[in-house]
Amino acid sequence: MKKVKILLTLIAIIAMCTNICACRQNGKEKAEGQTGAKTKTIVAYFSATGTTAKAARQIADETGGELHEIVPAEAYTAADLDWNNKQSRSSIEMNDPKSRPAIKADNLDMGSYDVVYIGYPIWWGVAPRIINTFIESHDLKGKQIIPFATSGGSGIGQSVDSLKAAYPELDFSEGKLMN
């Protein structure tokens with residue numbers, strides 16, 4: 001059963017990647033002079049426990065994209081991730097929509113990328129606030145952004161809708177839940 005699930009996930013990734021390579025910004029052709037140019041892909045991800053990192057590596061392997069970990073300036077401990085504790089770091093961050101946890105400086109130049117996969121675990125039905133920090137720290141205008149997420153029980157839809165609402169100027173695809 002696990003092999004079938006992995007195979008189906010890989011098929012979905014390949015189909016998504018094929019679609020991305022064929023299309024750009026909701027079907028628009030690339031700017032004149034760039035038509036036919038190879039797209040450059042980055043797979044940026046935040047992973048608190050390693051699950052999202054594994055999914056990110058799969059996507060990078062399938063797309064040939066460059067892998068980039070979004071690293072918090074202060075690592076999350078098991079106590080920080082205790083969602084049952086209203087005083088845990090993750091609970092406090094997620095209960096404050098304006099929270100923007102610091103990320104380690106990455107000196108990442110997004111200018112050369114056409115496609116940006118952004119991966120995260122789903123916390124409280126949405127992306128962790130560190131994803132907002134990443135998005136707001138980089139110029140993603142004109143990029144095709146493909147969210148992917150991991151979750152023990154939530155779907156990805158609400159998290160993508162929240163990102164689209166927060167950043168309406170960016171080109172988000174529907175995304176994919178991976179496990």
Side-chain angles (χ1 to χ4, degrees), residues 1-17 20 41-97 99-104 106 108 113 115-138 140 144-164 166-167 172-179:
M1 183 66 154
K2 187 174 181 179
K3 288 182 182 180
V4 171
K5 189 174 182 180
I6 292 171
L7 180 61
L8 291 174
T9 300
L10 288 175
I11 290 169
I13 292 169
I14 292 167
M16 189 167 49
C17 295
I20 290 164
T41 301
I42 187 165
V43 181
Y45 69 94
F46 165 68
S47 186
T49 64
T51 304
T52 306
K54 181 178 174 183
R57 285 190 296 274
Q58 288 176 332
I59 292 172
D61 288 347
E62 291 297 321
T63 63
E66 181 179 322
L67 200 57
H68 175 76
E69 183 177 8
I70 300 167
V71 180
E74 180 184 337
Y76 287 87
T77 66
D80 291 336
L81 299 173
D82 183 0
W83 60 275
N84 288 311
N85 177 354
K86 292 186 186 295
Q87 298 306 312
S88 73
R89 178 176 163 196
S90 61
S91 294
I92 292 168
E93 289 174 2
M94 295 310 292
N95 284 320
D96 179 5
S99 176
R100 297 298 183 266
I103 57 177
K104 285 189 178 179
D106 58 21
L108 185 61
Y113 299 101
V115 178
V116 180
Y117 284 85
I118 297 181
Y120 50 88
I122 294 183
W123 289 2
W124 288 259
V126 296
R129 304 292 181 215
I130 197 165
I131 295 300
N132 299 89
T133 305
F134 177 79
I135 290 170
E136 293 168 11
S137 300
H138 297 87
L140 301 178
Q144 175 145 19
I145 303 168
I146 304 167
F148 67 96
T150 56
S151 174
S154 299
I156 192 171
Q158 180 182 344
S159 72
V160 175
D161 290 345
S162 294
L163 291 172
K164 287 179 178 180
Y167 308 102
F172 283 96
S173 295
E174 290 306 311
K176 174 79 174 141
L177 183 66
M178 301 180 67
N179 287 323

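What's counted below: heavy atoms across the whole structure, side chains too, no hydrogens, waters or symmetry copies.
Counting only distance, with no hydrogens or angles, the side chain of Thr150 and the backbone of Met178 share no donor-acceptor pair below 3.5 Å. The backbone N or O of Gly119 lies less than 3.5 Å from no partner atom in the side chain of Thr52, so there is not a single donor-acceptor pair. The main-chain N or O of Pro101 is found under 3.5 Å from a side-chain atom of Thr133 such that the two form a donor-acceptor pair. Under the 3.5 Å distance criterion, the side-chain polar atoms of Asp161 are left unmatched by any main-chain donor or acceptor of Gln158.
Across all their heavy atoms, Gly153 and Ser151 have their closest contact at N-OG, 3.1 Å. Residues Leu177 and Ser154 approach most closely at CD2-O, 3.4 Å, considering heavy atoms. The minimum heavy-atom distance between Arg89 and Pro72, with the atom names listed, is NH2-CB, 4.2 Å. Val43 and Ala56 get closest at one heavy-atom pair: CG1-O, 3.7 Å. Summarising the geometry of Ile145 relative to Pro147, their closest heavy-atom pair is O-CD, 3.5 Å, with the distance given to 0.1 Å. Taking both residues in full, the closest heavy atoms of Ser162 and Val126 are given as OG-CG1, 3.4 Å, listed atom of the first, atom of the second, then distance.
Each of Leu163, Ile130, Ile70 was compared with Tyr120 under the side chain to side chain contact (heavy atoms under 4.5 Å, CB included) criterion, and only Leu163 meets it.
Separation of atoms CD1 (Ile131) and CD1 (Ile118) is listed at 6.5 Å; rounding is to 0.5 Å. Rounded to the nearest 0.5 angstrom, His138 NE2 and Ile103 CD1 are separated by 5.5 Å. Here Arg129 contributes atom CZ and Met94 contributes atom CE; the two are 4.0 Å apart, rounded to the nearest 0.5 Å. Taken from OH in Tyr45 to NE2 in His68, the straight-line distance is 9.0 Å, to the nearest 0.5 Å. Note that the CG atom of Leu108 and the OH atom of Tyr113 stand 5.5 Å from one another [nearest 0.5 Å]. A distance of 10.5 Å separates OG1 in Thr63 from CD1 in Ile42, rounded to the nearest 0.5 Å.
A salt bridge links Lys164 with Glu174: the closest approach of a Lys/Arg side-chain nitrogen to an acidic carboxylate oxygen falls below 4.0 angstrom.
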Criterion side-chain contact (heavy atoms from CB on, under 4.5 Å) on Arg57 and Leu67, from CA distance to verdict: CA-CA 7 Å; Arg57 285 190 296 274; Leu67 200 57; 3.6 Å; yes
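Using a 3.5 Å distance cut-off with no hydrogens or angles, the side chains of Ser173 and Gln144 do pair a donor with an acceptor.
Residues Tyr76 and Glu93 meet the side-chain proximity criterion, which asks for heavy atoms closer than 4.5 Å.
A perpendicular orientation is assigned to the rings of Trp123 and Phe46, their planes being inclined by more than 60° (bins at 30° and 60°).
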